[in-house]
Amino acid sequence: MTIQVKDYEQSVTERAKTLSLPEPTGISILPRNFFTASSASELAHEDSALTLKSLLRQAHLEFTTFESPEKPFLRAHENHFGWEAPILFVSYAYLSGNPEALSVALGVLSNYLTDWLKGLTKSKDVKLSIVVETEYGKRKEVTYSGPVEGLKDLDSVVKETFRS
């Protein structure tokens, strides 16, 4: 299990404006190529984004996906065992007003993945990155890779990073 924290220089809000996308609210599900696409028509979501949207909706959490039903993004699918989530973005304003939202999201995701990964015989690893905007306007990326049971440790690391 590894959890890494590093600076994240790019502004999600500014990038969304550049691509003529709505301002991120709640927990934002970022497309795979959010910072490299030259236009919104090139954006692609991880295949797992659909599942994540459903889980956040079931937990009654506010989220942004940047795509519309009329213009869905391309889907990127990797052929490997385990589960790779799209990058999540959580703004300072949202997390400070809803301090338990991330805990709820990670709990719902952990429960889902525990059941989903039961039947796999090979790797049961989970990969998840969360970009969090800190109290001081900086952005940090917290990346987790390992067994689903380790997601419980991610919440405290993200909250600590949020305050730095």
| task | Give a yes or no answer on whether the side chain of Glu160 reaches the backbone of Ser156 with a donor-acceptor pair at less than 3.5 Å. | result | no
| query | Counting heavy atoms not belonging to Gln4, are there more than 12 under 6.0 Å from its CD? | reply | no
| Among the clusters formed by ILVMFWY side chains lying less than 4.5 Å apart, do Val12 and Ile29 turn up in the same one? | no
| note | In terms of heavy-atom contacts, Pro86 and Leu128 come closest through O-CD1, 4.0 Å
| Non-hydrogen atoms of Gly150 and Met1 that approach each other most closely | CA-SD, 3.6 Å
| message | I'd like to know if the side chain of Thr18 and the backbone of Glu14 have a donor-acceptor N/O pair within less than 3.5 Å. | response | yes
| said: Check Lys53 with Glu67, please: is the shortest side-chain N to carboxylate O separation under 4.0 Å? | reply: yes
| field | Side-chain touch Phe63/Thr65, heavy atoms, less than 4.5 angstrom | value | yes
| Within-4.5 Å side-chain heavy-atom neighbours: Val157 and Phe162 | no
| query | Has the side chain of Arg75 got a donor or acceptor atom that lies under 3.5 Å from a matching backbone atom of Asp47? | reply | no
| said: Looking at Thr25, is its backbone amide N or carbonyl O close enough to the side chain of Thr64 to form a donor-acceptor pair, meaning the two atoms are under 3.5 Å apart? | reply: yes
| task | For the pair Arg139 (side chain) and Gln10 (backbone), establish whether a donor and an acceptor sit closer than 3.5 Å, ignoring hydrogens and angles. | result | yes
| query | When hydrophobic residues are tied together by side-chain contacts of less than 4.5 Å, even through go-betweens, does Phe34 share a cluster with Tyr94? | reply | no
| query | For the hydrophobic clusters of this structure (ILVMFWY residues joined by side-chain heavy atoms under 4.5 Å, transitively), does one cluster hold both Ile27 and Leu43? | reply | no
| Approximate separation, where rounding is to 0.5 Å, of Glu84 CD and Glu46 CD | 5.0 Å
| query | Would you say the side-chain atoms of Ser103 and Lys159 include a donor-acceptor pair closer than 3.5 Å? | reply | yes
| said: Minimum heavy-atom separation for Ala37 and Leu19, please, with both atom names. | reply: O-CD2, 4.0 Å
| query | Rounded to the nearest 0.5 Å, how far does CG of Leu61 lie from CZ of Arg57? | reply | 11.5 Å
| said: Would you say the ring centers of Phe73 and Phe66 fall short of 6.0 Å from each other? | reply: no
| task | Among Ile130, Leu154, Val132, find the residue that satisfies the side chain to side chain contact (heavy atoms under 4.5 Å, CB included) test when tested with Leu102. | result | Ile130
| query | Shortest non-hydrogen contact from Leu117 to Val126? | reply | CD1-CG2, 3.8 Å
| Hey, does the side chain of Tyr8 reach the backbone of Ser11 with a donor-acceptor pair shorter than 3.5 angstrom? | no
| Polar side-chain atom of Asp125 near backbone of Trp83 as donor-acceptor pair, under 3.5 Å | no
| said: Is there a path of hydrophobic side-chain contacts, each under 4.5 Å between heavy atoms of I/L/V/M/F/W/Y residues, joining Tyr144 to Ile87? | reply: no
| request: Write down the atom of Ser129, the atom of Thr143, and the distance for their closest heavy-atom approach. | output: OG-OG1, 3.1 Å
| request: Spell out, yes or no, whether Val131 and Val90 are grouped together once hydrophobic residues are joined by side-chain heavy atoms under 4.5 Å, including indirect joins. | output: no
| message | Using a 3.5 Å distance criterion without hydrogens, assess whether the side chain of Ser28 forms a donor-acceptor pair with backbone atoms of Pro24. | response | no
| Under 4.5 Å between any side-chain heavy atoms of Leu113 and Leu109, yes or no? | yes
| When Lys140 is tested against each of Asp7, Thr161, Thr134 for side-chain hydrogen bond (donor to acceptor under 3.5 Å, both in side chains), which residue passes? | Asp7
| task | Working to the nearest 0.5 Å, report the span between CG of Leu21 and OG1 of Thr13. | result | 11.5 Å
| remark: d(Leu52 CG, Leu56 CG) to nearest 0.5 Å is 4.5 Å
| Would you call Arg163 and Glu135 a salt bridge, using N to O less than 4.0 angstrom? | no
| remark: Residues passing the side chain to side chain contact (heavy atoms under 4.5 Å, CB included) test with Val108, sequence neighbours excluded, are Leu55, Ala59, Val104
| said: Walk me through whether Gln58 and Ser54 qualify under side-chain hydrogen bond (donor to acceptor under 3.5 Å, both in side chains). | reply: CA-CA 6 Å; Gln58 288 172 16; Ser54 294; 5.4 Å; no
| message | Give me the atom names and distance for the closest heavy-atom approach of Gly97 to Pro99. | response | C-CD, 3.6 Å
